[in-house]
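Inspection log for the structure reproduced underneath, given as structure tokens.
Here, residue 1 is the first one in the sequence, and each next residue gets the next number. Please read these numbers as outputs of a predicted model, since none were measured by experiment.
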Amino acid sequence: MERIMVIGVSAGVGKSTFARRLGDNLDIEVHHLDLFYWRPGWVEAPLEDFISAQKEVLSHDRWIMEGNYSNSFNLRSELADTIIYLELPLRVCLYRVIKRWLSYLGKTRPDMGKGCNEN
């Protein structure tokens, strides 16, 4: 079994990029918690739906889940074989967040697939 969590110090640390590359190398599907949490128009999903989506993934033998979301950390960490924590200086993370925000104004990031903030 390969059940991997990728978490990090903050937005912009590279969780999504790292998880995607790891998933490509290990041939494991990557699940972005942002896609479970955010509905179109940046509306938060009900907590029950957010947890239910994670439980569906957790029922499989192989997965990579990336994202922090402390309200479900225990759910994921209890079943993870590996937890990868990424940390970079705050100034690097802030630079990346601002750069990403300017690059994708009003659009979903291509590495996240179709979803979270599209109408």
Side-chain angles (χ1 to χ4, degrees):
M1 289 193 250
E2 294 170 302
R3 300 171 297 199
I4 303 168
M5 283 176 57
V6 178
I7 60 174
V9 66
S10 70
V13 76
K15 296 179 298 291
S16 299
T17 301
F18 181 85
R20 185 182 71 251
R21 290 180 182 167
L22 183 63
D24 289 346
N25 286 323
L26 298 176
D27 194 30
I28 300 175
E29 186 174 0
V30 175
H31 303 274
H32 303 280
L33 293 180
D34 282 346
L35 293 177
F36 298 153
Y37 190 80
W38 295 108
R39 299 272 168 89
W42 292 107
V43 174
E44 294 177 27
L47 182 57
E48 305 81 43
D49 293 352
F50 180 58
I51 298 295
S52 177
Q54 290 177 70
K55 285 182 177 180
E56 165 57 29
V57 173
L58 296 172
S59 71
H60 299 280
D61 289 336
R62 300 179 81 219
W63 48 261
I64 297 173
M65 245 193 256
E66 72 81 15
N68 289 336
Y69 294 97
S70 60
N71 60 2
S72 62
F73 181 85
N74 288 341
L75 175 70
R76 291 174 278 128
S77 65
E78 289 173 5
L79 295 174
D81 300 314
T82 305
I83 299 174
I84 298 170
Y85 177 78
L86 303 176
E87 185 170 352
L88 290 172
L90 181 58
R91 69 182 180 284
V92 174
C93 295
L94 288 174
Y95 169 78
R96 288 176 168 185
V97 167
I98 292 167
K99 181 180 171 188
R100 182 174 60 214
W101 181 75
L102 292 172
S103 297
Y104 300 113
L105 280 175
K107 301 175 196 157
T108 298
R109 290 174 37 192
D111 64 326
M112 296 290 268
K114 187 167 177 65
C116 61
N117 64 345
E118 292 181 356
N119 293 320

Item checked: Residues which pass ring-ring contact (aromatic ring centres under 6.0 Å, His included) with Phe73, listed by chain and number, not counting sequence neighbours ->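 Once residues adjacent in sequence are excluded, Phe73 has no partner under the ring-ring contact (aromatic ring centres under 6.0 Å, His included) criterion.
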
Notebook entry, point to check: Can you name the residues that form a ring-ring contact (aromatic ring centres under 6.0 Å, His included) with Tyr37, not counting sequence neighbours?
Noted result: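 Tyr37 satisfies ring-ring contact (aromatic ring centres under 6.0 Å, His included) with Phe50, Tyr69 only.
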
pair [X]-[Y]: side-chain heavy atoms closer than 4.5 Å:
{"X": "Ile84", "Y": "Phe18", "result": "yes"}
{"X": "Arg39", "Y": "Pro46", "result": "yes"}
{"X": "Ile4", "Y": "Leu26", "result": "yes"}

Kindly compute the distance separating [atom1] ([X]) from [atom2] ([Y]), expressed to the nearest 0.5 Å.
{"X": "Leu22", "Y": "Lys15", "atom1": "CG", "atom2": "NZ", "value": "15.0 Å"}
{"X": "Arg3", "Y": "Ile83", "atom1": "CZ", "atom2": "CD1", "value": "11.5 Å"}
{"X": "His32", "Y": "Ile64", "atom1": "NE2", "atom2": "CD1", "value": "9.5 Å"}
{"X": "Asn68", "Y": "Ser10", "atom1": "CG", "atom2": "OG", "value": "8.0 Å"}

Next item on the list: Tell me, please, which residues at least two apart from Asn71 pass side chain to side chain donor-acceptor pair (under 3.5 Å).
Entry: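 Asn71: no side chain to side chain donor-acceptor pair (under 3.5 Å) contacts found.
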
Item checked: Pairing residues for Glu56 by the side chain to side chain donor-acceptor pair (under 3.5 Å) criterion, not counting sequence neighbours ->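 Only His60 meet the side chain to side chain donor-acceptor pair (under 3.5 Å) criterion with Glu56.
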
Pairing residues for [X] by the side chain to side chain contact (heavy atoms under 4.5 Å, CB included) criterion, not counting sequence neighbours:
{"X": "Ile51", "answer": "Leu47, Gln54, Lys55, Ser72, Leu75"}
{"X": "Asn74", "answer": "Ser77, Glu78"}
{"X": "Leu79", "answer": "Leu58, Trp63"}
{"X": "Asp24", "answer": "Arg20"}

Checklist line | Smallest separation among heavy atoms of Trp42 and Trp38, with atom names | finding: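 Looking at all heavy atoms of both residues, the closest pair is O-CZ3, 3.3 Å.
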
Next item on the list: Indicate yes or no for a side-chain donor-acceptor contact from Asp49 to the backbone of Ala45 under 3.5 Å, with no hydrogens or angles considered.
Entry: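 No, Asp49 side chain to Ala45 backbone: no donor-acceptor pair under 3.5 Å.
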
Check: How is the hydrophobic cluster of Leu90 composed, in terms of its other members, when Ile, Leu, Val, Met, Phe, Trp and Tyr link through side-chain heavy atoms under 4.5 Å apart, directly or indirectly?
Finding: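 Taking Ile, Leu, Val, Met, Phe, Trp and Tyr as members, Leu90 shares its hydrophobic cluster with Leu94.
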
Item checked: Residue pairs fulfilling side-chain hydrogen bond (donor to acceptor under 3.5 Å, both in side chains) with at least one residue in residues 84-95, sequence neighbours excluded ->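 Every candidate side-chain hydrogen bond (donor to acceptor under 3.5 Å, both in side chains) pair involving residues 84-95 fails, so no pair, neighbours aside, qualifies.
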
Check: In chain order, what residues pass the salt bridge (Lys or Arg N to Asp or Glu O under 4.0 Å) check against Glu2, with sequence neighbours excluded?
Finding: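 Arg62.
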
Next item on the list: Sequence neighbours left out, what passes salt bridge (Lys or Arg N to Asp or Glu O under 4.0 Å) with Asp61? Give chain and number order.
Entry: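 Per chain and number, Asp61 pairs via salt bridge (Lys or Arg N to Asp or Glu O under 4.0 Å) with no residue.
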
Checklist line | side chain to side chain contact (heavy atoms under 4.5 Å, CB included) between Met65 and Val57, intermediate numbers included | finding: CA-CA 9 Å; Met65 245 193 256; Val57 173; 3.5 Å; yes

